[in-house]
Each structure stands twice: as structure tokens, then as C-alpha cells.
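Note that these values count all heavy atoms, side chains included, but never hydrogens, waters or copies made by symmetry. Position 1 is the first residue of the sequence; numbering continues from there. Just so we're clear, the structure is a prediction, and the values are computed from it rather than from any experiment.
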Amino acid sequence: SLSERKISSAADCISAMVRGTELRKVRSNSRVYQRYYLLESSLQALRWEPSKKESDKARIAISSIREVRTGRNTETFRTNGIYDQISEDCAFSIIYGETYEALDLVANSAEVANVWVTGLRYLILYGKHAMDMIASSEDSLRLVWLAEMFSSKVVSNGLGGREEEGISLRSAVGLIKSVNPGVRSGKVERRFKELHRIKERTRGDRVTKEEFIEVFHELCTRPEIYFLLVQFSSNKEFLDTKDLMKFLEAEQGVAQVTEDTSLELIQSHEPSEEGRRQGCLSLDGFTSYLTSLECHLFDPEHSQMCQDMSQPLSHYYINSSHNTYLIEDQFRGPSDITGYIRALKMGCRCVEVDVWDGPDDEPVVYTGYTLTSPVLFRCVLDVIGCFSFAASECPLILCLENHCSPCQQRVMLQHLRRILGERLYTGPLGEGEGYLPSPHALRGKILLKGQKLKEGCGETEGDVTDEDEGAEISVKTLTPAPPSKRFQLLKELSDLVTLCKSVRFTDFQKSFSTQKPWEFCSFNETLAVRCASERPGDFVNYNKRFLSRVYPSTMRIDSSNMNPQDLWKCGCQIVAMNYQTPGLMMDLNIAWFRQNGNCGYVLRPTIMRQEVSYFSANTRESVPGVSPQLLHVKVISGQNLPRPCGSGAKGDVVDPYVYVEIHGIPADCAERRTRTVVENGDNPIFDESFEFQINLPELAMVRFVVLDDEFIGDEFIGQYTIPLECLQPGYRHVPLQSLMGEDLPYARLFVHVALTNRRGGGKSHKRGLSVRKARRGREYAALRDLGVKALDDVFKMAAPSLKEATDMRENMQNSVAVFRDLCGVSAVANLMQCVLALGTRVSGADGAPLLLFELKEQYPSMESQGPLPDVLRRVVSTYEMMIQASRAVMELSDGVYDRILQIQTTAMEFHEKLKPMAVKEGLKGRKVTRAVESFSWNITILKGQADLLKRAKTEVQENIKQVHYAALTSNLSKGGTGETTHTRRSLDALPMSGTAPARSFP
């Protein structure tokens, strides 16, 4: 079978085509015909059998083929009733003849489809000379490089240049591992010995050059990367600088690429001296690039602090630890200072210290009324003092649960002042200020959270209510604990608590009317989940102004973790996690806080920060004012997947499959899995694509989980979790991590990622639905009636502008989608990829292009250079429709945007007096609450629709730049043959206006 052969050249593909394979032919009437397709040995034609046609008609001459198109990207595929049942990765189409007929085929695997696509494209390019071209150029860069590598090892082994003697088996294994360090030494050694047995070699300790090249080819070739290389190299066995530029721009989303950029990349990754000299990237160089940090899935911009840190503390999620001193369970486990070291080094910005009276007048830290062991309070502070800002300069919140007598409180006070000193924030409370200071204003400071005496207390101490989470555990473990009581608090200790005063939560209504910004409530997980379920809107609004901390349920004696996303979706800033317990929940927590340089603070979604906005955490629909995005993930392959930890039953055998999970608001949670690849952990090929609609991208995470398919209970191999905002588009490698969060050496997945409205991935539409939806069936954002006439009249003024904004935006996006369809590219392609695809199929009989772009004006026009076949006439007309819709966005959107924002501003003038107005109109009780909710909904819709229009204008600007750039790159610009200089103009430098600059949005 193909899966047993390493396909790494056009010769391999053509040989497989001559042998033939079964393919399914798809017709427009939903019928599918199983046929055996093969390439004639003369390489002149493709034929199939059985067929009702005469034998000379059941064939297509290679010379008549105009294009080989990948995916379900022809009219027949799109309108066929079984579109959703056909894999995008197994489908391809052969476009042939004067009338551009299509033979639509589906292979049994993506690899078989790749073989046919690659082989046919090579034959189209080189015709009857294909095999001669292959013989003269096949793998020449690789062979020269391997020969040089082998010779250098012969010399270093001191054999005086006698290559026929070969090199030692150990040296050969070392050479292969130097290129592919993930391959197991035992596997390489076994392969050489198998080769020796087949050849009946007597000296099994020596390896000849031919044997070395054969085993290298087998163990260091990745067919999926070869197929990718020939796709972008115009069927050459290497990428030149222009090929590489197209790949970086169109697929990887790299901006401002020049030929010098490509040359630098070649110099860094091409292993052969000949390739570096010629400016060519071979298969091995391309593999090196794709497995380097440059092609990591995680966007390096997020490795540094990259978010606005000047907003109030309540506008951020804060990385938090629960009972930080515990390193095992909650009831019997030991306490240890290593818990603080680990948490602080991982970027934790909120740690817990439960302090009790200890022997010798030294306070100790442990969980009261349990069997956990104590650790000295002084030692805990020493560690916090040492590591508090090791990973981040952002403020650290120290949750001090104080159960000490006044005598030992004085000792606590001494230790706090001596060890933490000026780092303790003791600034005055901002009376009258509506929000807490920002992380930027508090950088380098430690904030104490704890009990505080009432203002104006003149005594040296006073009584407060005991705050004891440990007592809750004691109830569950049947350990006697006293009821909640009051205790004496030292005033000097009270004075150290400024911005984080502990108060008890009663209900949202009371909090909205009496709670101060510096007052801080802790919620038991059970209460928090109930609030999230019953009052999600109130919880979100509460967290706009106040900090809330959620700690695990007392049922979690085993130190298991709650799902932080269940609380983050309500805006809860501090979700305390048991850092000592690995698993899904800690994977989510660690990944989430990685997106802002691992500083411990992540800015919450915009809709959760705006003073007036409507958001329900439990929504299972799209979020008002937020444009859903479509995430397209193709899981291509895996590399060096280890056996699951502790698994020995199957020896070294692994049967892997991959889950792709989306974690976020309920509307976004989803998971899809690949098929199982049997007995292959070294380089399993999955080649499966999935799509996910993401309704709140700012709160979504993607998790890749690799499992070993077992008869009883599948076992965990590795995982990687990443916030959606940190994804880099294009072809990427995903480093896998163990259950404990450690990197698995050389274990990774190879994936392709595209996201709507991102550079490197186009705006996607579900075929047959949004693309061709009639305007009368279009859904428009609906504003709600409040029952308050003055305000309802204001909001009614917005209806025409909202409708115009939606029509303008969707007309543009739909026209782009229709143009994309006719270009025959996938639903996630951008306009640069559309024009690049056109460049390969618009040649006339004389080789000159039938279509050219006029680039002198703001909007590039497409002009025919002679009579056009029907399919290209349709391309021209849909392009003109797209430009017309794009021009409308550019020229009319400013005015619509201003009108929407003006209505929003007018409505906001009624915000403070909304309730009295509602009462005056005769509304009572729940109707007043509903009027307030409807007001927030309407404001959110207005702001959101204005933002979407603003984004549409940016999208048009990017689209026009991409068309302009791709036309130059493809030599489709009128009066020019593309730019050949080493430095080319950036997309950002292209003109975006005719006579006057287009006004940008405020």
C-alpha cells in the first residue's frame, strides 16, 4: 500500500499512478461511481475502467488537462447532495478540454489524493519529458549533501578516504540522529541490520554509502512535507526564493517578505552547501524550517507582555493558587514552601497563606482542623520575598487568612515589615474613585487581602468575623470545628490591608448599592457556580467593578480542580487552582495565562469590561455585537509519539488518534477526533480537517490531545493547549506536553490552521448557506423595546443605519466568497491565494495570460486580453461585483458608522436616569429590570455593529492590498512582469485611495 512506501519524489507518484488505484467519481446528480484509474505507461493519458464508454473515450489526454484542483472546489462538489460526506483532503478535480470540463474524484485517503495531484501536475508541466526531467534532477540536492556528509564521516573515522570500507554502524546511527533526533537509535540500528540480512552482508558492523542513503531516505523523509513542497514549488524538487516568498505570504501570514527574507531563511535551514549557494530550499531544508521555532503554533508576540496594562485590576483575569502551601491533598497532605516557589515561578499572582498560632511564639501556616502539616510563617514569607517577582513585575496579591492571637499577630506584623518591607502596598484608599488602580500603577507591589477594622477605629485592636475556609473542609471530613466566631485583629495589621479588604458576599443587589471597589469577596465554588447559572448577567456586571475570588468546593479533598472557564465566562478574575494537581483544568489555566507574556494578568474580553453592555455567560448562541469566527484545523501528522506513561502491554506499539477540543462559552465548546492510525507512533498521517464556529474568540482555547487507542480505556500520550488569540495561521508544528505539563522530547503534531479575518486565512462561509443567501432572508441585528418612549424613539432611529451596515458588510463578504468559489480554492483561502491560483490557469494557447490586472487605480480592475471561455467570463463578472461591494464599504461606511455612534451617544445620555424614567412610565419590579437589560442589549448591538463595520473596512483594505500584491507576484499586472528586485514594497505601502486619502475610523 502507499502508506508503506515513502513518497518523496515525482517518480514515486508517477510509478504509483501507472500501477493505478481505485477512485470514486462524483456526478452532479449525487451519484458516485467506483472506478479503477491508472496512467498509461506512455505517460500520455489517464484512463479508467470499467466504463460504458468506448475505451478511447474513457481516457483524458494529459495534454488537454488545464488544471488539477485540490479539495471540494468545483460546482459539482459544491452542489452535490453529499458535499458534507466527502473529505476535503481526499477530493480533487481534473479540469480539462476547451470547455473546462471537470472530472471530480475522491480518493480513499489524503495521501492517495496527494499522489495523483502531484503526479498529474508534474506531467502537465513537463509532458512526455517528465521522466527525463525526474532522472536529471531527482533529489540532487539531497544526494550531494548526503554523499558529502558520509564522506566527512569517513575522513573523521581515519579511513584515509576509502569510502568502499564504509563507516561504523554506530557512526551511521549518529549521522541519522543528527538530522532526525526524535528517531530511536534502536530502530535505526535494526533497519541497518535488516538491510544487511537482505543483502547477505557478512560485516554487519559497517555501513556503505548506498545503505546509509537508503535508510536515511526511509527514516528522515516526511511525505506530507514533500507534497507541500511541490505544491508551492511549481512541481520542482526544491523551493526557490520566489516560491518561498509565496509560501510565507500566502500561507504563513508573514508580512513584508522580500527575496532577502527568503535567502536568509535558506541560509539558516538548508543543510546542503549547494542549495545555500544556489538559493534553493530542499526537502530537508524545508523540513528544518517547518520544525523550527519560526513555525511554532504559538505566536511569539504573546511571549512578551502585549496587552494594555493600564486598566483597573477588576478588568483582568489573575493567575491564582489555592492553599499554595499544600503539595498533595487538602486533608492529610504535607505543607511545604516548594508550593510557593513552583506557583510563583509559573507566573501565579495570587497566593494563599492560612496563619495559625504556632509553638515558641512563631506563627505557622497550614489548613486548620485538618491533618495537614505546618510550615513556619517566616519561612513562607522568605520564599515569597525571594520569588514574588521572579516571573512577573505585576502586583502580587497575598490572601492572608489570619487565625492568630494578638500576641502572634505582632510577630506576623514584624515578619511582614521586615521581609516584604516597601514592597507591601499601603497607599491610601481612593475615596470616591469607582475603580481599583491598574496593574501598571501597582507593578512591583504586594497587596494584602484580609480582614480590616472599621474606619475610625482608635483602639490598638478590634474584633472582626473569623474568615475560615478550612472550617468548611472540617465539616466534610467530620473533624470538629467551632462555629464562625469573632476574633481580635491588631490595628497595625489591619492598616496593611488597603485595596483588598475581605468582605462577605450577601447578594448582588446589596453589592451593587453598598460595596466599595476595594472590598473583595471570596466565593465557594458551589455558590459561584449557582450564581453563574441563575444570575449570569448580574455576575458579569458585578465583576466589571469588583474583584471576586472563587476557591474550590470542600468536596475536593483530593485537591482536584474546578474548570476555570466556568467562572472566567462570568468575568471572575481570581479562580484559585490547586497547582499540585495536573490534568485538563491546570492545562487550561497554564495555557490561558501564557497569552500575555505569562505575567499572571490577562485582559478580559471587551464585552465584559464596558460599563454598559449585555452578555450572558451561558449563551448557546452568537454574542450580540461580536462577529463569530470560523476556525479551520487540519491535523496532518504526528511525529515521535511516545508510549503512554506506564503502558507496557503493547511494547513499543502505539495506535494514536487526535482530539481537537474547543473550550470557551457554552456556545463554543466542541470536540472532534481523527481516525486511529494503527501501529505507528513515529510519523502517523491523519490528514483530517475540522471546522469550529467560535462565537466569543477572546475567551476561546484550542486543545490538542493525543491518545493511544486501547480496547479497554484509551491512554493519554500528550496534549497542547493554546488560547485562540495566540494561534499563528498556516502550517505549524505543535509541541506535545506530558500529563505533568513537561515537554515531550521531539513529540509533536503537524497541523494547518486558518481563522476568519486573520492574515494568512480568509473569510470563511459555509457553502450553500451564507454564500448564496438572498437579501430578503438576511438576519439583521434586532433592537429591543424598553417601554420608555423617549428612549425607544432614539433607538428606532438606528434601524435604517443598522440595516445599511449589515447589507454593506455582508454584500462585500458574500461577493468575496463567490469569487473565491470560482477561483477554485478552499473556503479558508484569502484573496492573495485566489489570485495566485488564477495565475496558473489563465494562460491562452500561446502561453500569454488571458486576464491582466490594471493596478494604477485604487481598486485593481481585471481586464480580458482577448476572447474568454465562459468560466473566465464568470470570474471577471464576479470580481467586478466584489470590487463594487468593496468600494461601497470604503466610500459609505464612514457616514453609517458615525450615525450609529451618534445614536449610541444620545442614548447613553439617558443611562443615569433610566430607572426613574421607567418608573415614571408606570413600569414596576421585573419590568424595570427588563428595561435596564434591554438598554444594555441595545447599546451592545450599536457598539458591536459599528465595530463590525469598522472591521469590514479594514478587511477591504487588506483584500485590495492582497490582490495588488498577488497580481505582481503572479506576473498578471498590466504593463509589468512582476518585481524582481530583492526588496519589494510592503502591502502596507500600497495606495488605498484615488484623489484623497480614505478617512480611517476613530
Kindly compute the distance separating CZ (Arg349) from CD1 (Ile446), expressed to the nearest 0.5 Å. 8.5 Å
What orientation do Phe505 and Phe523 show, parallel under 30°, tilted 30 to 60°, or perpendicular over 60°? tilted
Met701 side chain near Ile722 side chain, heavy-atom distance below 4.5 Å: no
Between NZ on residue Lys516 and CZ on residue Arg545, distance to nearest 0.5 Å: 11.5 Å
Tell me whether Gln307 contacts the main-chain N or O of Leu603 through its side chain, where contact means a donor paired with an acceptor under 3.5 Å. yes
Flag yes if more than 12 heavy atoms outside Met305 fall under 6.0 Å of its CE atom; otherwise flag no. yes
State, yes or no, whether a side-chain contact exists between Asp495 and Leu453 at a heavy-atom distance under 4.5 Å. no
Can you list the steps and then say if Phe512 with Asn541 is a side chain to side chain contact (heavy atoms under 4.5 Å, CB included)? CA-CA 9 Å; Phe512 289 140; Asn541 287 330; 4.2 Å; yes
Taken to the nearest 0.5 Å, the spacing of Glu519 CD from Thr514 OG1 works out to 7.0 Å
Between Ile665 and Lys569, what is the shortest heavy-atom contact and its length? CG2-CB, 4.3 Å
Can you find a side-chain donor-acceptor pair between Ser310 and Asp308 that sits under 3.5 Å? yes
Heavy-atom pair with the smallest gap, counting every atom of Ile941 and Pro624: CD1-CB, 3.6 Å
Side chain to side chain contact (heavy atoms under 4.5 Å, CB included) assessment of Asn695 paired with Glu621: CA-CA 8 Å; Asn695 294 284; Glu621 300 173 347; over 6 Å; no
Is the shortest heavy-atom distance from the side chain of Phe520 to the side chain of Ile574 under 4.5 Å? yes
Ring centres under 6.0 angstrom apart (His315, Tyr435): yes
Whether Ser815 side chain and Met812 backbone form a donor-acceptor pair below 3.5 Å: yes
Under a 3.5 Å cutoff, is there a donor and acceptor pairing between the side chains of Gln945 and Asp947? no
Is there a donor in the side chain of Tyr542 and an acceptor in the side chain of Gln515, or the other way round, less than 3.5 Å apart? yes
Are Gln304 and His302 close enough, and set up right, to give a side-chain hydrogen bond (donor to acceptor under 3.5 Å, both in side chains), and what steps lead you there? CA-CA 5 Å; Gln304 306 295 323; His302 291 270; over 6 Å; no
Please evaluate residues His632 and Leu755 with respect to the criterion side chain to side chain contact (heavy atoms under 4.5 Å, CB included), reporting the C-alpha separation (whole Å), side-chain torsions for both, the decisive distance (0.1 Å), and the verdict. CA-CA 6 Å; His632 173 100; Leu755 192 61; over 6 Å; no
Can you see which heavy atom on Leu398 is nearest to which on Leu448, and at what distance? CD2-CD2, 3.5 Å
Are there more than 12 heavy atoms of other residues, nucleotides or ligands under 6.0 Å from atom NZ of Lys915? no
I want to check a possible cation-pi pair here: Arg784 against Tyr614, using under 6.0 Å from ring centre and within 45° of the ring axis as the test. yes
For Asp785, is there any backbone N or O sitting under 3.5 Å from a side-chain donor or acceptor partner on Asp792? no
Under a 3.5 Å distance rule, please check whether Asn524 uses its side chain to pair with a backbone N or O of Val550 as donor and acceptor. no
Is a donor on one side and an acceptor on the other found under 3.5 Å between the side chain of Asn618 and the backbone of Ala532? yes
At what distance, to the nearest 0.5 angstrom, does CZ of Phe615 lie from NZ of Lys544? 10.5 Å
Side chain to side chain contact (heavy atoms under 4.5 Å, CB included) between Leu942 and Leu901, worked out: CA-CA 7 Å; Leu942 293 174; Leu901 284 196; over 6 Å; no
When Val575 is tested against each of Met585, Met562, Gln565, Glu525 for side-chain contact (heavy atoms from CB on, under 4.5 Å), which residue passes? Met562
To check you understand the geometry: which heavy-atom pair defines the closest contact between Val788 and Ala918, and what is its length? CG2-CA, 3.9 Å
Side chains of Leu447 and Thr498: closer than 4.5 Å at any heavy-atom pair? no
Under a 3.5 Å cutoff, is there a donor and acceptor pairing between the side chains of Glu909 and His911? no
Can you find a pair of side-chain heavy atoms, one from Met882 and one from Leu831, that are under 4.5 Å apart? yes
Walk me through whether Arg809 and Glu955 qualify under salt bridge (charged side-chain N to carboxylate O under 4.0 Å, His left out). CA-CA 10 Å; Arg809 192 178 74 249; Glu955 190 178 333; over 6 Å; no
Quick one: are Gln451 and Val497 in side-chain contact, heavy atoms under 4.5 Å? no
Nearest 0.5 Å, please: how far is CG in Leu948 from CD in Gln813? 8.5 Å
Has the side chain of Asn596 got a donor or acceptor atom that lies under 3.5 Å from a matching backbone atom of Cys306? yes
Main-chain N/O of Ser548 paired to Gln573 side chain as donor or acceptor, under 3.5 Å: yes
Which atom names give the shortest non-hydrogen contact between Ala528 and Leu567, and what distance separates them? CB-CD1, 3.7 Å
Is the ring pair Tyr316/Tyr601 parallel, tilted or perpendicular, if the boundaries are 30 and 60 degrees? perpendicular
Do side-chain atoms of Thr806 reach the backbone of Leu802 as a donor and acceptor pair under 3.5 angstrom? yes
Taking Lys452 for the side chain and Ser494 for the main chain, is one N or O donor matched with an acceptor at less than 3.5 Å? yes
Establish, from distance only, whether the side-chain atoms of Ser522 and Arg549 form a donor-acceptor pair under 3.5 Å. yes
Does the side chain of Asn543 reach to within under 4.5 Å of the side chain of Met608, using non-hydrogen atoms? no
Would you say the side chains of Lys943 and Ser613 form a donor-acceptor pair under 3.5 Å? no
If I take atom CD from residue Gln629 and atom CG from residue Leu724, how far apart are they, to the nearest 0.5 angstrom? 6.5 Å
Within the 4.5 Å heavy-atom criterion, are Lys920 and Met917 side-chain neighbours or not? no
Using the test salt bridge (charged side-chain N to carboxylate O under 4.0 Å, His left out), find all partners of Glu921 that sit at least two apart in sequence or belong to another chain. none
Side chain Asp668, main chain Gly664, donor-acceptor under 3.5 Å: no
Provide the closest heavy-atom pair for Ile318 versus Cys350 in the form atom of the first, atom of the second, distance. CG2-CB, 4.5 Å
For Phe910, is the NZ or CZ atom of Lys913 found under 6.0 angstrom from the centre of its six-membered ring and inside 45 degrees of the ring axis? yes
